[in-house]
Amino acid sequence: MSSLLVDNIGELVTNGAGEGPLGIRRNAAVLVEEGRVVWVGPSAYAPAADRRLDAGGAAVLPGFVDSHAHLVFAGDRAAEFAARMAGQPYTGGGIRTTVGATRAATDNELRATVRRLRGEALRQGTTTMEIKSGYGLTVADEARSLRIAAESSTETTFLGAHVVPAEYADRPDDYVSLVCGPMLAAATPYAKWVDVFCERGAFDVDHARAILACGQAAGLGVRIHANQLGPGAGVRLGVELDAASVDHCTHLSDADVDALAGTAHSDGSGTRTVATLLPGAEFSTRSPYPDARRLLDAGVTVALATDCNPGSSYTSSMPFCVALAVREMRMTPAEAVWAATAGGARALRRDDIGVLIPGARADLVVLDAPSYLHLAYRPGVPLIRQVMRNGVTP
């Protein structure tokens, strides 16, 4: 059994036992065997190993966990972005443009886009990435989107309820029946989660509840896009259905925050339903940022994700989202790093990623910096020196 010792770590973020909320250990080492962390402690007391990786005094942290991304698509919406920067508001209507391009693309063209973006994210430290469907919106196209997504991630999400496609514009009830019936049946073999875009111009709360309940009955976990474009009942619907995550959370009422806080675990370890914030979307649409401070102060577990998609957040960079969260959403650097690692894991209901503790998957990032603080302190700088996933450097 081959072993690897990562030592001479100046600052190790464990998200477990250690200093402060990030469980920091200094002058530390991590022993890896068969893709798992088996020991964490001081470098001076590190066990022997077959191989050694010298971190050179740099900071090491868990691989980022991006729990919200839309990677299966074709086409380009740069012109739409330019129009927004010139003052046109974001309405979500551009999704249909991507639907047309995606339907026309070959499997290999879609596969190439997924692999390109997944590789891009991995080079920036993202070791786990959820991937949604939602740009096919036919039975066959949603099934193939998820089949292609499953080649690159075990965290796949059926989002047939992204928008009502043009051919069903006057028959939304019929489209919901299609999503709950043949489309769900075709998607379920490749999906772990079900999701709905519960917003004006997409799906109302009654349609969203019907679709998510059907997904639950088929054995899928629940996620929901909620309260991005304005106030609504999406967040409370997510709580009602025990969603792992409600995503966006830009426009929240006191009742929404209370509902999320009400899912708190009795042991004080956070909330069962996570609020996943996607600051790349607000950056790209010039929209108000979510108030992360309000959620954190209420005891709600917060995750950060990229929302990587061709229309409203075409970034695969979790470090960029960390910097935005600190600058624009009143998160401390420690809170933002936790949300981008352990928080993302919570949003996927995983305890084997987002942490560097014995038993966890050996997903880690070596920074070209002495501290995690540099992720927000030096925005836009390529600070990811080395990435390890399952104990292997890709």
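Just so you know, these numbers use all the heavy atoms, side chains as well, and skip hydrogens, waters and symmetry mates. Note that the structure is a prediction, hence the values are computed from the model and not measured.
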Within the 4.5 Å heavy-atom criterion, are V337 and L61 side-chain neighbours or not? yes
Among all residues two or more places apart in sequence or in another chain, which pass the side chain to side chain donor-acceptor pair (under 3.5 Å) test with N108? R111
Determine whether a donor-acceptor pair (N or O, by modelled atom type, separation under 3.5 Å) exists between the side chain of S152 and the backbone of A149. no
Is the side chain of E199 donor-acceptor paired with the backbone N or O of N227 at a distance under 3.5 Å, no angle test? yes
Please check this pair: side chain of S177 against backbone of D173, looking for a donor-acceptor N/O pair closer than 3.5 Å. yes
Donor-acceptor contact below 3.5 Å, side chain S133 vs main chain L159: yes
Steps toward side chain to side chain contact (heavy atoms under 4.5 Å, CB included) verdict (E142, L137): CA-CA 6 Å; E142 284 297 293; L137 309 189; 4.0 Å; yes
Pairs touching residues 250-293 that satisfy ring pair (Phe, Tyr, Trp, His ring centres under 6.0 Å), sequence neighbours left out: F283-F320
Are side-chain N/O atoms of T98 and R77 paired as donor and acceptor at under 3.5 Å? yes
Exceeds 12 heavy-atom contacts within 6.0 angstrom, atom CG of D50: yes
Smallest heavy-atom separation, A210 atom then C180 atom, equals O-SG, 3.8 Å
Any idea which heavy atoms bring A334 and L22 closest together, and the distance? O-CD2, 3.5 Å
Closest contact, heavy atoms only, S316 versus T306: C-CG2, 3.9 Å
Quick one: list whatever passes side chain to side chain donor-acceptor pair (under 3.5 Å) with S313, sequence neighbours left out. none
Pairing residues for D352 by the side chain to side chain donor-acceptor pair (under 3.5 Å) criterion, not counting sequence neighbours: R350
Who pairs with R330 by salt bridge (Lys or Arg N to Asp or Glu O under 4.0 Å), at least two apart in sequence or on another chain? D291
Any side-chain to backbone donor/acceptor pair from T271 onto T301? Under 3.5 Å, distance only. yes
Shortest non-hydrogen contact between G136 and D141, atoms and distance: CA-CB, 3.5 Å
Just say parallel, tilted or perpendicular for the rings of H70 and H162, cut-offs at 30° and 60°. parallel
For T273, check side chain to side chain donor-acceptor pair (under 3.5 Å) against everything at least two apart and list the hits. none
Could you list who else is in V326's hydrophobic cluster, with ILVMFWY side chains joined at under 4.5 Å, directly or through other members? none
State whether the side chain of Q216 and the backbone N or O of L241 hold a donor-acceptor pair below 3.5 Å, judged by distance alone. yes
Distance col, row I353:CD1 vs T128:OG1, nearest 0.5 angstrom, shows 3.5 Å
Identify each donor-acceptor pair in which a side-chain atom of residues 29-46 lies under 3.5 Å from a protein atom, sequence neighbours left out, and give them as a table.
residue: R36; atom: NH1; partner: G359; partner atom: O; Å: 3.1
residue: S43; atom: OG; partner: N8; partner atom: N; Å: 3.1
residue: S43; atom: OG; partner: A28; partner atom: O; Å: 2.7

Between T250 and E282, do the side chains contain an N or O donor and an N or O acceptor separated by less than 3.5 Å? yes
Side chains of S253 and D256: is there a donor and an acceptor less than 3.5 Å apart? yes
Salt bridge between R236 and E240, side-chain N to carboxylate O under 4.0 Å? no
Pairs involving residues 303-326, ordered by first then second residue, that meet salt bridge (charged side-chain N to carboxylate O under 4.0 Å, His left out) (sequence neighbours left out): none
Using only atom types and a distance under 3.5 Å, with no angle test, would you say the side chain of D247 pairs donor to acceptor with the backbone of L278? no
Which residues share a salt bridge (Lys or Arg N to Asp or Glu O under 4.0 Å) with D297, sequence neighbours left out: R293
Does a side-chain heavy-atom distance below 4.5 Å link S284 with R84? yes
Flag, side chain of T14 to backbone of G23, donor-acceptor distance under 3.5 Å: yes
Verdict with supporting geometry, D363 and F64, side chain to side chain contact (heavy atoms under 4.5 Å, CB included): CA-CA 9 Å; D363 295 351; F64 297 118; over 6 Å; no
Could you tell me whether R171 atom CZ has more than 12 heavy atoms of other residues or ligands within 6.0 Å of it? yes
Is there a donor-acceptor pair closer than 3.5 Å between any side-chain N or O of T332 and the backbone N or O of E335? yes
Name each donor-acceptor pair under 3.5 Å that joins a side chain in residues 185-197 to protein atoms two or more places apart or in another chain, with its distance.
residue: T188; atom: OG1; partner: L184; partner atom: O; Å: 2.7
residue: K192; atom: NZ; partner: E155; partner atom: OE1; Å: 3.2
residue: K192; atom: NZ; partner: E155; partner atom: OE2; Å: 2.8
residue: W193; atom: NE1; partner: E155; partner atom: OE1; Å: 2.9
residue: D195; atom: OD1; partner: I224; partner atom: N; Å: 3.4
residue: D195; atom: OD1; partner: H225; partner atom: N; Å: 3.2
residue: D195; atom: OD1; partner: H225; partner atom: ND1; Å: 3.1
residue: D195; atom: OD2; partner: K132; partner atom: NZ; Å: 2.8
residue: D195; atom: OD2; partner: H225; partner atom: ND1; Å: 3.1

Student check: side-chain heavy atoms of P333 and L375 closer than 4.5 Å: no
Any donor-acceptor pair under 3.5 Å from R223 side chain to A347 backbone: yes
Side-chain donor/acceptor pairs under 3.5 Å, residues 376-394, sequence neighbours excluded:
residue: R385; atom: NH1; partner: A55; partner atom: O; Å: 3.1
residue: R389; atom: NE; partner: T127; partner atom: O; Å: 2.6
residue: N390; atom: OD1; partner: R361; partner atom: NE; Å: 3.2

